[in-house]
Amino acid sequence: MEFLLMTEELRYYKLKYEMNRKLEELVIKKGYMQIEPQFFEEYDSFIQMNKRIKKEGTVKLLDSDGRILILRPDITTSIIKHIIPKWENGSKLKLFYLSTTFSRNTQGSIEEKKQFGIEFLGESSMDADLEVIKIAFSILKSFGIEFIAEINNNKFLNTLIEECGFDEEKSTELKNIIYYKNFDALNLFVNRSNIALPYQELVRNLLKYQGSIQKIKENLSGFNLSLKLNEAIAELEYVSKEIDQRYARLDLSAISQYDYYAGITFRIYIQSISTPVISGGRYDLLTKRLGKNIPAVGFTLNSADILKEVLKNYE
Amino acid sequence: MNNYLTIALPKGRLGDTAIERFKEIGWADSIIKDSRKLIFIDDLNMIKYMLVKPSDVITYVENGVADIGIIGKDSILESEAEIYELLDLGFGNCKFSIAGKKGQIIHQNDEVLRIATKYPVITKKYFDLRKQPIEIIKLNGSVELAPLVGLSDVITDIVETGKTLSANGLEVLEDMLEISAKLISNRVSYRFKYDQINTLCELLRVDKEKNI
């Protein structure tokens, strides 16, 4: 931001400070404690864990002994790595952070993003998923911002991939197609792949399982779903019933670029901004890959986006 | 304020076909052909059409200035934009190919192959997969000239009829990709204007079947 007048600049920083305080107060009231994440990540392990992420988008550094490091592209990974060695089984931890992530844009310059987020660790029941989504909703409501939340249960797609017996390559291809909601490519994919007959149409229609829970069930009604797939739908239904439905759109094909989500995930959009303002979900797979099975749910919020909306309403 | 569905259409041949298709489904009545206007508004159906340079369609859609757009697959691949690719429209079909002088070898193994192109991203990806070292020479037009004047060994570009190539003594050495026109959508608009976008998508899908 650039300002012509000092008073304008000070007003901006005052609003920003107040916004951050408000965010903090909201989650502190719910029992969350602040944590400061590390700056660096190991390049190899990060890329291995997030296969579909664009490698060019990370900011790399070289250590004196030749190790490649990256400036944290996301905060969750770095918090979990920090927590794991000290984790005691059975404990519960509620954390929040307000810090910066780094990425490289297409022009090659480094971008800083201020992020606010919460992580709820050690709770495997759906109550944790619900609490996190509800906090996200209440933050946006408290700032008077209109939004739509896109909610998915990744368990559905992951189970489907497992039951179809896709290998790593096939599954990455399918996820890429779904990430771009490419109906025609999905059609081709089904025709080209060797999919068991009962699953062919189920996969072909993947992009149609969205809207309300009734709509999804209606579109799935012709299929004989396995126990695990039905369980995934039931979980999504449970969440959708407990939250403010006016703001929710369920979508079984709304997948994330990050592969570590395993369960309920969500992305929240506001009309004036072309990227999600909040994204999050259950990421038990990440903690498992990092060395310990810790149930975990959380979200990150792009605080610059919220500030932009706050400023707009202020003027 | 923003209940209008904004559609970015590319100027030129692709856009002309797109407008024809829109007219077939009864949508683009407000667009006057051969007018110099860049924006056409259909207040009855709450649609805004913008005519933009083909290579800019993606930028308008990705940033949400336009909710949806129509553009060739080549531009999508080149930009790697975060958009949704909702429908293959079944027109604007052509190939993305490597072309050069007759007999030019494209598997040079260790030797660096010099390629002139308007599409550095697609080209780099393709040759990276083959482990063929290349040097990309980015041009903005008339790429066919490059091999003739010794600027590059080969070119990569979209090829429709191949007439420009043969007129300049070049030929297709290898086809890389199939290209066609796509309906794309901004990710946020897809949520906020789902019903409108989905309706249009279905109408165009039905219309496409008719045109095959």
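Residue numbers start from 1 in every chain, and the chains themselves are labelled A, B, ... in the order their sequence lines are given, proteins ahead of strands. All values below come from the heavy atoms of this structure, side chains included, with hydrogens, waters and symmetry mates left out.
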- prompt: Does any heavy atom of chain A fall under 4.5 Å from the side chain of Glu62(B), the backbone, both, or neither of them?
  reply: backbone

message: With a 4.5 angstrom heavy-atom cut-off, is it the side chain or the backbone of Asp88(B) that approaches chain A, or both, or neither?
response: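 Interface part for Asp88(B): both.
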
Closest non-hydrogen atom pair between [X] and [Y], with its separation:
X	Y	result
Gly64(B)	Ser274(A)	N-CB, 4.5 Å
Tyr180(A)	Ile83(B)	CD2-O, 3.2 Å
Tyr179(A)	Arg187(B)	O-NH2, 2.6 Å
Thr275(A)	Val188(B)	N-CG2, 4.2 Å

Charged tip of Arg191(B) within 45° of Tyr247(A) ring normal and under 6.0 Å: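 No; the conditions do not both hold, so Arg191(B) does not lie above the ring face of Tyr247(A).
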
Nearest-0.5 Å distance, [atom1] of residue [X] to [atom2] of residue [Y]:
X	Y	atom1	atom2	result
Gln271(A)	Asn3(B)	CD	CG	7.5 Å
Glu80(B)	Glu56(A)	CD	CD	6.5 Å
Ile148(A)	Tyr194(B)	CD1	OH	12.0 Å
Tyr190(B)	Glu150(A)	OH	CD	8.5 Å

Ile273(A) versus chain B, the contacting section by heavy-atom distance below 4.5 Å: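 The backbone, not the side chain.
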
message: Please classify the contact of Ser272(A) with chain B as side chain, backbone, both or neither, using a heavy-atom distance under 4.5 Å.
response: neither

Heavy-atom count check: over 12 atoms from other residues, nucleotides or ligands less than 6.0 Å from [X] [atom1]?
X	atom1	value
Lys60(A)	NZ	yes
Lys141(A)	NZ	yes
Lys170(A)	NZ	yes
Tyr60(B)	OH	no
Lys138(B)	NZ	yes
Lys23(B)	NZ	yes
Glu169(A)	CD	no

- prompt: Quick one: do Lys208(B) and Asp184(A) make a salt bridge, cutoff under 4.0 Å?
  reply: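 A salt bridge links Lys208(B) with Asp184(A).
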
message: Any non-hydrogen side-chain atom of Phe183(A) less than 4.5 Å from a side-chain atom of Glu85(B)?
response: no

